[in-house]
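A short write-up of the structure that comes next.
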Amino acid sequence: MIDLTTTLSNLKLDNPIIPASGTFGYGVEMAELYDLNILGSISIKGTTQNARYGNDLPRIAESSSGVINSVGLQNPGIEKVINYELPNLAKIFHKPVIANISGFSVEEYVYCAERVDKISNVGLIEVNVSCPNVHGGGLAFGVDCEKVAEVTKAVKKVTTKPIYIKLSPNVTDIVSIAKSAEQAGADGLSLINTLLAMRIDIKTRKPILANVMGGLSGAAIFPVALRMVYQVHKAVKIPVIGMGGISKAEDVIEMMLAGASAVQIGAANLIDPLICKSIIEKLPELCERLGIKKLSDIIGAA
Amino acid sequence: MIDLTTTLSNLKLDNPIIPASGTFGYGVEMAELYDLNILGSISIKGTTQNARYGNDLPRIAESSSGVINSVGLQNPGIEKVINYELPNLAKIFHKPVIANISGFSVEEYVYCAERVDKISNVGLIEVNVSCPNVHGGGLAFGVDCEKVAEVTKAVKKVTTKPIYIKLSPNVTDIVSIAKSAEQAGADGLSLINTLLAMRIDIKTRKPILANVMGGLSGAAIFPVALRMVYQVHKAVKIPVIGMGGISKAEDVIEMMLAGASAVQIGAANLIDPLICKSIIEKLPELCERLGIKKLSDIIGAA
Amino acid sequence: MRELVFTIQKNQLIAKHMFNFVLTGDTSDIMKPGQFVNIQVPGFFLRRPFSVCDWRENELTLIYKVVGNGTEALSKMSAGQELSILSGLGNGYELREIKNPFIIGGGAGVPPLYGLAKRLVEKNITPKIILGFNNSDEIFYVNEFKSLGLEVTVTTLDGSYGVKGLVTDVIDNCEYAYVCGPLPMLKAVHKKVSDGQFSFEARMGCGFGVCMGCSVKIKDGYKRICKDGPVLNYSEILWDEI
Amino acid sequence: MRELVFTIQKNQLIAKHMFNFVLTGDTSDIMKPGQFVNIQVPGFFLRRPFSVCDWRENELTLIYKVVGNGTEALSKMSAGQELSILSGLGNGYELREIKNPFIIGGGAGVPPLYGLAKRLVEKNITPKIILGFNNSDEIFYVNEFKSLGLEVTVTTLDGSYGVKGLVTDVIDNCEYAYVCGPLPMLKAVHKKVSDGQFSFEARMGCGFGVCMGCSVKIKDGYKRICKDGPVLNYSEILWDEI
Ligand SMILES: Cc1cc2nc3c(=O)[nH]c(=O)nc-3n(C[C@H](O)[C@H](O)[C@H](O)COP(=O)(O)OP(=O)(O)OC[C@H]3O[C@@H](n4cnc5c(N)ncnc54)[C@H](O)[C@@H]3O)c2cc1C
Ligand SMILES: Cc1cc2nc3c(=O)[nH]c(=O)nc-3n(C[C@H](O)[C@H](O)[C@H](O)COP(=O)(O)OP(=O)(O)OC[C@H]3O[C@@H](n4cnc5c(N)ncnc54)[C@H](O)[C@@H]3O)c2cc1C
Ligand SMILES: Cc1cc2nc3c(=O)[nH]c(=O)nc-3n(C[C@H](O)[C@H](O)[C@H](O)COP(=O)(O)O)c2cc1C
Ligand SMILES: Cc1cc2nc3c(=O)[nH]c(=O)nc-3n(C[C@H](O)[C@H](O)[C@H](O)COP(=O)(O)O)c2cc1C
Ligand code: FES
Ligand code: FES
């Protein structure tokens, strides 16, 4: 028997496969297709303090091996997530979940973190620092070491569960941002979020997305994500959840070799809703073939 | 008749199609396949002061819709380029070429720029600031506004031909770097160079590239390149040469709508050596279909 | 919803840029006309959504228009080739017990209305059919609707067939309409009818409700075109915002 | 070099993971054994290089081993399917007027040596053939070499066929060798022979000399495996650096 278990801080996962925030809703649609309890965990759609409709349509554009989204954090707000979505998910998924939270100010992050920290089926809090920092002029929190540290410290102060900071890849030096988060007390890191991108409709001569720009994800970004996970893992001591373009079991192995303790699967869910299941089913055989007995042994082995 | 001409500073091109530096050698191999004189121009392989062998093999890895290279600026050095490669190219290509130069210090950039400035078939000098800055600790010149400005000013001082600064996409804020180059006197900008990326061999558990990391290019990066060209075009007044993942005539239109005055085609040459020819042949028909009479009219129209 | 493999049986040009696409496979997830399927076209990242035009056991008919690279690639595929399809997506039209509804379609919006008309007829309802096209080259399925025994009015923009003008020019005294077509047509039609069901399009990430890529505001919150739609009710639609 | 379309004629498993791949198309760009072609496998960004095993007018034979995703996909293709191929790449072996050369191959390096042996025989040269494999499951083309009237020595690592051991165990008194195989084999062989031509592999960006992806240092500068190789001469190779 191949051992697929892995650990994120105090959270033990049956396997490293976690659907990524924003690509799995709150699980109910996917539960029509398969028993979600085979998953390592689930990262829920990013939650903000108040309900958000998000950006205007179109919100989706396509590219070679990728999808660009400008959903803009549509979510029902923290109260509804806590009172409705999370209990609902608890009925179909009997393991701790990852609560992904977002904010447009430090106070909003703190508010959301404090609220989800008390929820029993939340095992880990993932703090998405890729939202534009409205107080600080619109660039994302996640591109600035000090802002990342500030958010991390503030969130740590009000929580007891492991805090994972989800980093933006749209930066010159991912390593120094990762280190800032670590020094500020982050228990782990999630990377990467989407790459800032856009498409133009050559017939209308206008950007395809109503929001003009959006985030690129999918297989296209895998080698960039892998590079960042590799660099960050080498530079920090806290665990890293690796994501970005993972679409097959081989990619999971590669991402773990780069240093990921677990992985998230995003865009691939959209085009193949059974992808997480297929990967989990394929992992033992692949490990066997590669001479891996305990999957967590290979974390950062490259 | 559709007018495909476009202008880069004082350089008038018959069409906007330019093979990108490093993906077309010095033209001789491609000349076996077609008459290069159909091209708008050619950007030659990046030249450094001294001959460089570059990095160890393997230097090439693949990804979904992309290729990662760590060639490491193999080139015969500026003297041989000037005395052998450029005159050779002049025999088969009878238009001004783009001399792409690189350096590991400001002095090296200056040396190379001064030398190529005197060569008659050089129409424009493209300064690749993506090389690691050995004096400044190894991060590329191109990720730092001040360094970019310094290189630009120094190169402008010793040259008479248009100077285009080729920007690295591995930055938090491409716009401020573009503006620094403009303020320092750049006549135009080329973007983007490759995205820092890597792959790991899951059998050997080691990075595929001997150099560990390399640069991702090809269709995978098109929406990131398009976004950067769009942002930079909106922020500067000087012309932009757009590149990154262009692989068909439609991509050329899209890149020009985003703000490119001309485009370069890189990785696509490697997998389809006839791609530049095909695109040039397809452009008139496509323009016709899209109601474009003069291609340069659409620059930045999105 | 299920992920299934279908085999192409027929892929035939039936009007300008318009293909009749017949596939063999398990259709048991399709419950209602107006539902759609999401097709993985080889070489493209996202799936392409197409309304079910008609279905029976083991046979699915779609009609698609070549508008971009994905549909272009689809048009080059041939009988025997297999496709991964997410079947049984969306809510579909609810078959209301209204005696003489209108069915109003435009261009690439016509396909689902055929499956709808057929099923209304099976319920002894006799819809009045109004179909709008740009010109005579683009007309398709008029005879198929007629074969159901229905009265069909065709409009063309240039008058090259049927009534010259828009579908809205021939809608008269309509209490209830089943509608599918481009957004400007839907908006124009809503002003001419008192009630009805309208099928919408949106660029989709997933097509089954998890990505929020297709979410539109309605009077009482929002709906996902892919999961809560594509068919929305007249009264819930925010006509000024959509 | 030309970009051409070839049609698959045969794609047949002939040993463990090893496929005999026969294609129909214009072979006029292939001049010498040891040259290679670069195949666009649908769904993959880079082309895949394979040595020409044999060729005649309108027919190209390759032999490939399934080692990764691209060759896996190739192995699933079938007769009638078309492939974009860059044909006539690389320098190939120079056919030297040496009476009794050795031809030494290992595993997936054997294919080009068959085309070479055939053409040497046509020139009345009688090479001695030494082929090394891991075990009997992986052996292929031994009979084809024998059919040329040549003496063939086979080694297997596990002794399951022929001589147990490595090709180097059976090289005796070799003045000139044509060699193709994995790098460790090439290195080992060079120590047992006085002169010869060695065919190398490298991960390639282009395969026709423009990207410098495959450049190796040699005694007098560098050579691109794809354009100046894949066949290098014994004397120019930097055996300690390669
Ligand atoms: C619920 C639904 C039902 C549909 N039913 C039909 C049908 O029965 N017949 C038919 O001809 N067309 C139908 N469409 C439209 C069809 O999905 C698009 O024409 C098709 O996706 C275009 O793909 P492409 O690759 O050719 O275009 P491209 O422009 O190259 O596609 C690029 C991206 O944009 C998306 N896209 C482009 N146009 C549309 C559009 N109008 N709607 C949604 N996504 C789009 C594509 O899916 C793809 O993700 C339907 C759309 C939806 C949402
Ligand atoms: C000049 C030349 C001649 C060759 N002739 C033959 C032959 O006749 N028969 C045969 O079975 N194999 C041959 N090879 C090796 C063959 O090219 C690889 O096995 C093949 O590219 C692997 O593709 P993949 O997608 O299955 O592997 P993957 O590992 O999935 O490929 C990933 C990338 O690495 C490259 N790559 C992987 N292994 C090699 C390799 N050994 N050499 C070069 N590139 C590699 C691929 O081309 C691709 O770009 C030759 C290689 C070269 C350079
Ligand atoms: C439609 C969509 C919505 C997303 N929403 C969120 C979100 O709410 N919060 C977040 O942290 N990341 C969000 N992401 C980013 C993903 O969680 C993931 O980091 C990214 O897509 C890279 O992984 P992938 O290439 O596997 O998709 C979203 C991605 C997509 C495609
Ligand atoms: C093999 C290879 C070598 C390259 N060498 C250079 C170089 O010497 N100088 C340079 O400025 N850019 C170099 N580039 C970058 C390209 O010129 C181009 O900016 C980049 O590849 C993005 O375009 P593409 O996606 O069309 O390839 C190289 C790219 C590749 C793939
Ligand atoms: S397309 Fe994903 S929710 Fe509708
Ligand atoms: S592979 Fe491009 S030069 Fe050899």
Side-chain angles (χ1 to χ4, degrees), chain A residues 61-68 139-140 143-144 168-174 177 195-207 212-214 216 218-231 245 247 250-258 286 289-292 298 301-302, chain B residues 61-68 139-140 143-144 168-174 177 195-207 212-214 216 218-231 245 247 250-258 286 289-292 298 301-302:
Chain A
E62 191 195 36
S63 67
S64 215
S65 299
V67 54
I68 307 166
L139 263 193
V143 304
D144 184 272
S168 162
N170 302 298
V171 298
T172 307
D173 185 3
I174 190 89
I177 297 193
L195 290 171
L196 197 56
M198 76 181 283
R199 291 299 304 273
I200 294 166
D201 184 328
I202 60 171
K203 287 179 198 154
T204 63
R205 302 189 190 176
K206 294 275 158 271
V212 181
M213 291 176 227
L216 175 67
I221 71 169
F222 180 70
V224 174
L226 192 85
R227 181 265 293 183
M228 290 187 166
V229 167
Y230 180 87
Q231 289 180 311
S247 29
E250 286 83 353
D251 298 343
V252 174
I253 304 289
E254 206 171 323
M255 195 55 100
M256 293 184 74
L257 285 167
L286 179 61
R289 186 142 48 88
L290 295 169
I292 300 166
I298 69 164
Chain B
E62 192 195 33
S63 67
S64 215
S65 300
V67 54
I68 308 166
L139 264 194
V143 304
D144 183 273
S168 163
N170 303 299
V171 297
T172 307
D173 185 4
I174 190 89
I177 297 192
L195 290 171
L196 198 57
M198 77 181 282
R199 291 298 306 271
I200 293 165
D201 185 328
I202 61 173
K203 288 179 200 156
T204 63
R205 304 187 189 177
K206 292 276 156 274
V212 181
M213 291 176 228
L216 174 66
I221 71 168
F222 180 70
V224 175
L226 193 84
R227 182 265 294 183
M228 291 188 165
V229 168
Y230 180 87
Q231 290 180 310
S247 28
E250 285 82 354
D251 299 343
V252 174
I253 303 289
E254 206 172 323
M255 195 55 99
M256 291 184 76
L257 285 168
L286 179 60
R289 187 142 48 87
L290 295 169
I292 300 166
I298 70 165

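Just so we're on the same page: letters track the sequence lines, and every chain starts at 1. Everything quoted here is computed from the prediction, not taken from an experiment.
Taking A:A219 as the reference, A:S65, A:S247, B:S64 meet the side-chain contact (heavy atoms from CB on, under 4.5 Å) condition, with sequence neighbours excluded.
Taken to the nearest 0.5 Å, the CE atom of B:M228 stands 10.5 Å off from the CE atom of A:M213.
Two residues are said to be in side-chain contact when any heavy atoms from C-beta on lie closer than 4.5 Å; B:R205 and A:I292 meet this criterion.
Comparing A:I221, A:T204, A:I202 by heavy-atom pairs within less than 4.5 Å of chain B, the highest count is held by A:I202.
Only the side chain of B:L216 comes within contact range of chain A, with at least one heavy atom under 4.5 Å from a heavy atom of that chain. Of the two parts of B:L290, the backbone and the side chain both hold a non-hydrogen atom closer than 4.5 Å to a non-hydrogen atom of chain A.
Taking all atoms of both residues into account, the shortest heavy-atom contact from B:K206 to A:A301 is NZ-O, 3.8 Å. Summarising the geometry of A:V171 relative to B:T172, their closest heavy-atom pair is CA-OG1, 3.2 Å, with the distance given to 0.1 Å.
Each of B:I200, B:V212, B:L196 was evaluated against A:R227; a single residue qualifies, B:L196, per the side chain to side chain contact (heavy atoms under 4.5 Å, CB included) test.
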